[in-house]
Protein chains: 2
Amino acid sequence: MSTPAGEKLIAAASTLFYRHGIRAVGVDLIAETAGTTKKTLYDRFGSKDALVALYLERRTGIWREFLHEHLHGRPVEDLFDVLALWLREQDRGCAFVNAYAEIGGTGHPAEPVIRAEKEWMRAFLVDRAREQGHPESTGVALHLLYEGATVLATAGGDPDAPARAKASALAVLYPPADEQGERGQQHQHDHSLAER
Amino acid sequence: MSTPAGEKLIAAASTLFYRHGIRAVGVDLIAETAGTTKKTLYDRFGSKDALVALYLERRTGIWREFLHEHLHGRPVEDLFDVLALWLREQDRGCAFVNAYAEIGGTGHPAEPVIRAEKEWMRAFLVDRAREQGHPESTGVALHLLYEGATVLATAGGDPDAPARAKASALAVLYPPADEQGERGQQHQHDHSLAER
DNA sequence: AAGTAACCATACCGGTCGGTATACTCGCAG
DNA sequence: CTGCGAGTATACCGACCGGTATGGTTACTT
């Protein structure tokens with residue numbers, strides 16, 4: 001936690017950074033939106049870069065909470081239903097991918113935060129898959145499908161990407177029992193997440 | 001094609017936009033890097049936004065050429081070897097995803113270029129998969145894995161992501177013949193792309 | 001010979017960038 | 001009652017932003 005004015009600044013910065021991007025948002029606008037001053041911003045955080053790193057750190061917590069709350073007690077493939085739900089409000093996609101697009105490779109203090117988030121998600125999915133009796137490679141595949149679905153739902157403009165990713169995930173988790181080739185998403189298992 | 005000075009401007013803009021991002025690069029720097037002037041830039045392209053759109057349009061062509069050249073005559077799963085090769089030089093990841101992170105949802109003239117690229121890639125993979133006897137859903141799965149691998153190789157900092165994606169792709173393309181669960185990437189088929 | 005497309009050079013515009021400086025007010029703990 | 005952390009308000013800094021204006025120089029066409 002931070003001071004009251006500090007929290008208002010983080011909240012304003014988070015909204016603005018996510019919606020418009022990092023470079024597109026100036027510190028003047030952040031301070032004004034938060035109803036405070038640039039002086040306070042620099043007293044609390046020292047630099048815009050530090051505020052950016054904090055924005056992403058806060059965001060990891062929010063996503064993990066959302067994920068745990070909605071995936072609790074459900075099979076791992078329902079991840080994609082949770083993602084679809086998340087993207088309905090977070091329509092600018094993955095904040096970490098977006099941030100990396102702007103600051104990647106510059107030595108920015110937020111870079112390790114981005115890598116850590118991706119690593120955490122990989123480990124989470126490997127663990128969850130393992131609990132259901134699947135090898136590490138299956139968790140990795142789920143992670144790849146998850147990132148792909150996020151990108152295609154936003155930059156790709158395909159709102160059904162998470163649903164398609166779920167279908168692909170089911171094919172990986174429960175491979176068809178016959179020998180080869182010709183068929184597709186024939187088994188539907190209906191593990192689908194109830195609309196809440 | 002454009003005039004000589006126009007081409008120099010596009011080349012300079014492409015390098016700079018890809019390396020540092022769109023907002024991070026000013027028109028003054030582009031003109032100076034190209035060894036020409038801002039006047040010429042505006043005479044040729046009219047606005048920075050138009051130059052951004054052109055940058056992405058050019059980039060689609062370069063990637064498609066690279067893809068066709070390296071994937072020619074090889075099975076579709078070798079896509080991931082081609083991607084690894086591409087990312088060895090294009091280490092800032094997908095230019096379209098990065099651009100969308102900066103301009104997405106703003107009505108920028110480059111937005112349709114981004115969506116078109118993702119759609120083209122989807123159609124390409126669906127076609128290629130179909131040629132090998134696989135249903136549309138398999139091509140879609142390959143597309144998701146491809147986007148996921150690109151993100152995880154760059155923002156995720158995992159240079160082996162394309163290789164992992166290939167293993168996942170093989171599991172989708174050639175599902176294991178037994179009933180369920182417990183095993184992973186047991187068949188390796190060795191369709192791997194010869195190092196060139 | 002006149003016109004024109006392409007180009008270079010330079011200066012300018014209002015606005016915003018990240019960051020700093022100065023000065024003042026409040027509430028609270030020693 | 002004094003000192004200090006937290007806050008507000010405002011002004012300032014040099015640098016850069018996207019975009020425009022003016023003017024002059026080639027080279028090729030009609």
Side-chain angles (χ1 to χ4, degrees), chain A residues 1-56 98-99 101-111 113, chain B residues 1-56 98-99 101-111 113:
Chain A
M1 269 291 278
S2 180
T3 62
E7 286 299 318
K8 284 196 291 181
L9 282 163
I10 296 179
S14 296
T15 305
L16 291 168
F17 284 154
Y18 183 67
R19 176 103 322 181
H20 306 289
I22 292 167
R23 295 201 113 101
V25 174
V27 285
D28 297 86
L29 178 59
I30 295 170
E32 191 197 326
T33 304
T36 178
T37 66
K38 240 191 328 180
K39 173 75 157 52
T40 301
L41 189 157
Y42 279 91
D43 284 348
R44 290 291 132 258
F45 308 108
S47 71
K48 183 186 178 181
D49 285 353
L51 186 56
V52 169
L54 208 56
Y55 146 62
L56 291 176
N98 292 353
E102 295 198 73
I103 62 150
T106 63
H108 194 286
E111 280 191 56
V113 183
Chain B
M1 269 289 278
S2 181
T3 63
E7 287 299 319
K8 284 196 291 182
L9 282 163
I10 296 179
S14 296
T15 305
L16 291 167
F17 284 154
Y18 183 67
R19 177 105 318 184
H20 306 289
I22 292 168
R23 296 200 114 102
V25 173
V27 286
D28 297 85
L29 178 60
I30 294 170
E32 190 197 326
T33 304
T36 176
T37 66
K38 245 202 305 189
K39 175 73 157 53
T40 302
L41 189 157
Y42 279 91
D43 283 349
R44 291 289 133 258
F45 308 108
S47 72
K48 183 186 179 182
D49 284 354
L51 186 57
V52 169
L54 208 56
Y55 146 63
L56 291 176
N98 292 353
E102 296 198 72
I103 62 149
T106 63
H108 193 286
E111 281 190 56
V113 183

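Numbered from 1 within each chain, the chains take letters A, B, ... in sequence-line order.
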I want to check one thing: is the phosphate of [N], taken as OP1 and OP2, less than 4.0 Å away from some side-chain N or O of [X]?
X	N	result
A:Arg23	C:dC17	no
B:Thr40	C:dC8	yes
A:Thr36	D:dT8	yes
A:Thr3	D:dG7	yes
B:Ser47	D:dG18	no

To the nearest Å, how far apart are [X] [atom1] and [N] [atom2]?
X	N	atom1	atom2	value
B:Asp43	D:dA21	CG	C1'	12 Å
A:Glu7	D:dA6	CD	P	13 Å
A:Lys8	D:dA6	NZ	P	15 Å
B:Phe45	C:dA6	CZ	P	12 Å
A:Leu29	C:dG15	CG	C1'	14 Å
A:Tyr42	D:dT10	OH	C1'	16 Å
A:Ile22	C:dC17	CD1	P	15 Å
B:Leu51	D:dG18	CG	P	11 Å

Candidate nucleotides [options], ranked by approach to the side chain of [X] - the nearest:
X	options	value
A:Ala5	C:dC8, D:dG7, C:dG18	D:dG7
A:Lys48	C:dC7, D:dC17, C:dG18	C:dG18
A:Asp28	C:dC7, D:dG18, C:dC17	C:dC17
B:Arg44	D:dC17, C:dC7, D:dT20	C:dC7
B:Lys39	D:dA9, D:dG18, D:dG23	D:dG23

Nearest 0.5 Å, please: how far is [atom2] in [Y] from [atom1] in [X]?
X	Y	atom1	atom2	value
B:Leu9	B:Thr3	CG	OG1	8.0 Å
B:Leu16	B:Thr33	CG	OG1	4.5 Å
A:Leu51	A:Ser14	CG	OG	7.5 Å
B:Asn98	A:Glu102	CG	CD	9.5 Å

Once you apply a heavy-atom cut-off of 4.0 Å, does A:Gly35 come out as touching a base, just sugar-phosphate, or nothing?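 Contact class for A:Gly35: sugar-phosphate only.
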Backbone of A:His108 reached by a side-chain donor or acceptor of A:Glu111 within 3.5 Å: yes
